[in-house]
Amino acid sequence: MFIALVPHGENAGRLRPLSAAGVPTGPVIETADLAATVAEWERRGPRWLWSSTAEVYPELLARGVRVERCLDLWHVESLLLAHQGRHREPRGLGAAVARLRGLPVPEDHGPRKRESQPTLFEPEREPLPGDEDPLEAVVAVHAERQRALAALPHADGLRLLVAAESASALAAAEMTHHGLPWREDVHDELLTELLGPRPANGVRPARLAELADRITAAFGGRAVNPDAPASIVRAFGREGVDVPSARAWVLKKVDHPAVAPLLEYKELARLWVAHGWSWLDQWVSGGRFRADYVVGGVVSGRWATRGGAALQIPRTLRRAVVADPGWALVAADASQLEPRVLAALSGDRRLAEVSADDDLYTTLAADAFDGDRGRAKVAMLSAMYGGTAGEAGALLAVLRRRFPEAVGYVEAAAVAGEQGRMVRSRLGRTSPPPSAAWHEVTGSADEGEEAVRQGRRAARDWGRFTRNFVVQASAADWTAALLGALRRRLHQTAPGAHLVFFQHDEVLVHTPAESADVVCAEITAAGEEASRLVFGRTPVRFPINAVAVECYADAK
DNA sequence: CGAACTTGCGCC
DNA sequence: AAAGGGCGCAAGTTCG
């Protein structure tokens, strides 16, 4: 059973039960207490149907209501449009109903960037095109999209994908709601230790000022702005040292007294600017960091975040992520997910055998690279990312000889991209078509040397993108299935435990300490469930390393 | 003057 | 050891 739901105003809303096929099975229900009504209906185990989890669910969570399942029309629309190569078209309910009714399609006004911790307020909703009733619009768009989905050759995969993506959207809202446990005192101590005491706003911390002085001294007393790359390059130039840029790895190779303080400055300045005291003020409150996740924010299906840089938390700050007293954090990551995904995608038997080991690269090295794990890894990464520099080409050739199906799979994807064709993930996430400018450059009739060179380069670049897309997007299929399975399992067997963080192939669960073992077991089970759902009966192993810790920094 | 671009680095 | 893929963010610089 589906229940279509449209909120309006202060915790009011309208719902309508639908059959599995999307046909209304009862009258419209009006409620002045949406949260209570949803909680009531939730006991019957429905699948909620709404225009966008990100818009509807946070308010329900704030009122203490969790739902088990939903179908998120924004994601349905997004995945189906992408499947047709229409990545640039707006996805909201207004756009969807306009397409359905043949009306002009309104622009999506993109989600506004959050400035700080979330506040709850009711955003003013624009009227739908043709003044369509929002509840009727949800029902109509859903029915039409289900028909469209059923007619596709990849219907099963896409159905699974929209379910997993909808579950991911629920998980994302719940993660924001619960927040990542964050010890402000630990963070502050760490900053003070590395940078000196907190300075007044706009003033450089003592440690940075001191390093800046040392840098200036090393350049003979002439002022250098260590925050300005051009200034650094010029300063080295005056000393007779030619550097192409001021990147850390470039400077590391330079022998000059300014290098050491510069590298230290860069590292600390980065911490101060990106995750210093103002970050703490802005993003952490009540002992929680509430990241704002954007599910489906990346074409490959990876999540993005809006504000707070939640997916770029420096490793040193993991010290500040500490479980509440009596609670534990279970940190789990899928080890070497992408090569395993490639093994399953391609059906390469020998690579599947290699995946039996928890450390795939060690076995790969023993199998084909004389035990040299470093080379084995470079070869595999080159296959998945399209690397050619240095040794990579030769190593890739070794890999190709030994694992022809696996390497052939990504190379076919690369060729498709070079020719401007779309590629798809296991479940049907679809790469965007290249831009008009790309076709211009690659299809140019200009036979000049420069034009030909540019065309080849653009083609190769796009091939690298599609080569990586099939792996990265299929990994996103797997993690979406994992998240869906895990949040369901946690709810069933680990009361109180909830997901608090997700980063590409890694999750954190905050749980009452006594449930930590159960949580670890459920994560393993969820991984097996995801592998079966996405890849069927594959011999490829997807081991997950799950460990209960008090502090995130103590994981692995 | 603000907008748009560039640079560099954090994470996977 | 670096470079291949994907991001977000902030400061500096240049553009209009």
Side-chain angles (χ1 to χ4, degrees), chain A residues 113-115 202 204 208 224-234 243-253 262-263 265-276 278-279 282-283 291-294 296-318 333-339 341-342 374-375 377-393 395-396 399 410-411 413-414 417 423 425 429 431-432 460-476 479 501-507 552:
Chain A
K113 180 172 175 166
R114 241 181 58 199
E115 303 278 315
R204 197 144 61 175
L208 286 181
V224 174
N225 179 359
D227 293 318
S231 167
I232 297 171
V233 172
R234 274 197 308 272
V243 285
S245 74
R247 291 181 165 84
W249 64 265
V250 170
L251 299 187
K252 268 180 198 141
K253 292 185 293 192
L262 255 175
L263 291 175
Y265 180 93
K266 276 170 170 285
E267 201 178 317
L268 293 177
R270 166 82 196 175
L271 178 67
W272 176 53
V273 162
H275 290 94
S278 26
W279 181 91
Q282 197 178 357
W283 295 105
D292 198 8
Y293 297 99
V294 187
V298 182
V299 280
S300 67
R302 277 188 172 186
W303 292 16
T305 52
R306 208 163 27 217
L311 301 185
Q312 293 115 265
I313 298 168
R315 294 183 80 94
T316 52
L317 284 187
R318 293 184 181 185
D333 70 301
S335 40
Q336 302 148 351
L337 178 59
E338 295 195 341
V341 163
L342 176 55
R375 285 209 165 84
K377 187 170 174 181
V378 169
M380 184 53 83
L381 294 182
S382 302
M384 295 187 301
Y385 294 158
T388 53
E391 259 194 314
L395 295 173
L396 185 52
L399 197 72
V410 280
E411 292 190 336
V423 294
S425 75
R429 294 185 202 270
S431 70
R460 256 200 327 273
D461 286 350
W462 199 256
R464 264 202 304 280
F465 169 64
T466 52
R467 167 196 293 264
N468 184 254
F469 184 95
V470 291
V471 178
Q472 191 181 115
S474 299
T479 51
F501 189 61
F502 169 62
Q503 179 172 234
H504 309 314
D505 60 357
E506 185 181 8
V507 295
Y552 187 19

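Chain letters run A, B, ... following the sequence lines, proteins first, then strands; residues in each count from 1. All figures in this text were calculated on a predicted structure; none of them were measured in a lab.
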query = Can you check the A/R306 CZ to C/dC9 P distance for me, whole Å?
reply = 10 Å
key: Listed nucleotide nearest any side-chain atom of A/A309, set C/dC9, C/dA1, C/dG6   = C/dC9
task = Using only heavy-atom distances, decide whether a donor-acceptor pair under 3.5 angstrom links the side-chain of A/Q472 to the base of C/dG6.
result = no
ask   = Can you check the A/W303 CH2 to C/dG8 P distance for me, whole Å?
value = 15 Å
query = Which nucleotide, C/dC7, C/dG5, C/dG12, lies nearest any side-chain atom of A/D227?
reply = C/dG12
inquiry  = Please classify the nucleic acid contact of A/T388 as base, sugar-phosphate, or nothing, using heavy-atom distances under 4.0 Å.
reply    = nothing
Any residue meeting side-chain hydrogen bond (donor to acceptor under 3.5 Å, both in side chains) with A/Y552, in chain and number order, not counting sequence neighbours = A/E506
query = So does A/R464 get a side-chain nitrogen or oxygen closer than 4.0 Å to the phosphate oxygens (OP1/OP2) of C/dG5?
reply = yes
query = Nearest-Å distance, CD1 (A/I232) to C1' (B/dT6)?
reply = 14 Å
task = Output yes if the stacking criterion (under 5.5 Å between centres, under 30° between planes) is met for A/Y385 over the base of C/dG5, else no.
result = yes
Show me the protein contacts with nucleotides 7-9 of chain B, counting only N or O atoms at under 3.5 Å.
| from | atom 1 | to | atom 2 | distance (Å) |
| --- | --- | --- | --- | --- |
| B/dG8 | OP1 | A/A246 | N | 2.9 |
| B/dG8 | OP2 | A/R247 | NH1 | 2.8 |
| B/dG8 | O3' | A/K266 | NZ | 3.3 |
| B/dC9 | OP1 | A/A248 | N | 3.0 |
| B/dC9 | OP1 | A/K266 | NZ | 3.2 |
| B/dC9 | OP2 | A/A248 | N | 3.3 |
| B/dC9 | O2 | A/R270 | NH1 | 3.0 |

query = Any idea how A/Y293 and A/W303 line up, ring-wise: parallel (<30°), tilted (30 to 60°), or perpendicular (>60°)?
reply = perpendicular
ask   = Excluding sequence neighbours, so at least two apart, what forms salt bridge (charged side-chain N to carboxylate O under 4.0 Å, His left out) with A/R375?
value = A/D372, A/E391
ask   = What nucleic acid atoms does A/A228 come within less than 4.0 Å of, heavy atoms only: base, sugar-phosphate, or nothing?
value = sugar-phosphate
note = Ranking A/V250 and A/S231 by the position along DNA chain C of their nearest nucleotide, the one closer to 5' is A/V250
A/R234 side-chain N/O to C/dT13 phosphate OP1/OP2 under 4.0 Å = no
ask   = Would you say A/K266's side chain and A/A246's backbone share a donor-acceptor pair under 3.5 angstrom?
value = yes
inquiry  = At 4.0 Å (heavy atoms only), tell me whether A/R375 reaches a base, stays on the sugar-phosphate, or touches nothing.
reply    = nothing
Non-hydrogen side-chain atoms of A/F465 and A/P432 separated by less than 4.5 Å = yes
request  = Using whole Å, report how far CZ of A/F465 lies from P of C/dG4.
outcome  = 17 Å
query = Checking side chain to side chain contact (heavy atoms under 4.5 Å, CB included) for the pair A/T316/A/H275: CA distance, chi angles, key distance, verdict?
reply = CA-CA 11 Å; A/T316 52; A/H275 290 94; over 6 Å; no
query = Base, sugar-phosphate, or nothing for A/R467, non-hydrogen atoms under 4.0 angstrom?
reply = nothing
ask   = Taking CH2 from A/W462 and C1' from C/dG5, how many angstroms apart are they, rounded to a whole number?
value = 12 Å
remark   = 5'-most contact on DNA chain C (nearest-nucleotide basis), A/D461 vs A/N225, goes to A/D461
query = Base, sugar-phosphate, or nothing: which does A/V378 touch, judged by heavy atoms less than 4.0 Å apart?
reply = base
request  = Can you tell me the distance, in whole Å, between the NZ atom of A/K377 and the P atom of B/dC12?
outcome  = 11 Å
query = When you measure from the side chain of A/V298, which nucleotide among C/dA11, C/dC7, C/dA3 comes out closest?
reply = C/dC7
query = Any Lys/Arg nitrogen of A/E338 or A/R302 sitting under 4.0 Å from an Asp/Glu carboxylate oxygen of the other?
reply = yes
inquiry  = Rounding to an integer number of Å, can you tell me how far A/M384 CE sits from C/dG5 C1'?
reply    = 9 Å
key: A/E267 atom CD, over 12 foreign heavy atoms within 6.0 Å   = no
ask   = Roughly, in whole Å, what's the span from CG in A/L337 to P in B/dC11?
value = 19 Å
query = The side chain of A/E506 lies closest to which of these nucleotides: C/dA11, C/dC7, B/dC12?
reply = B/dC12
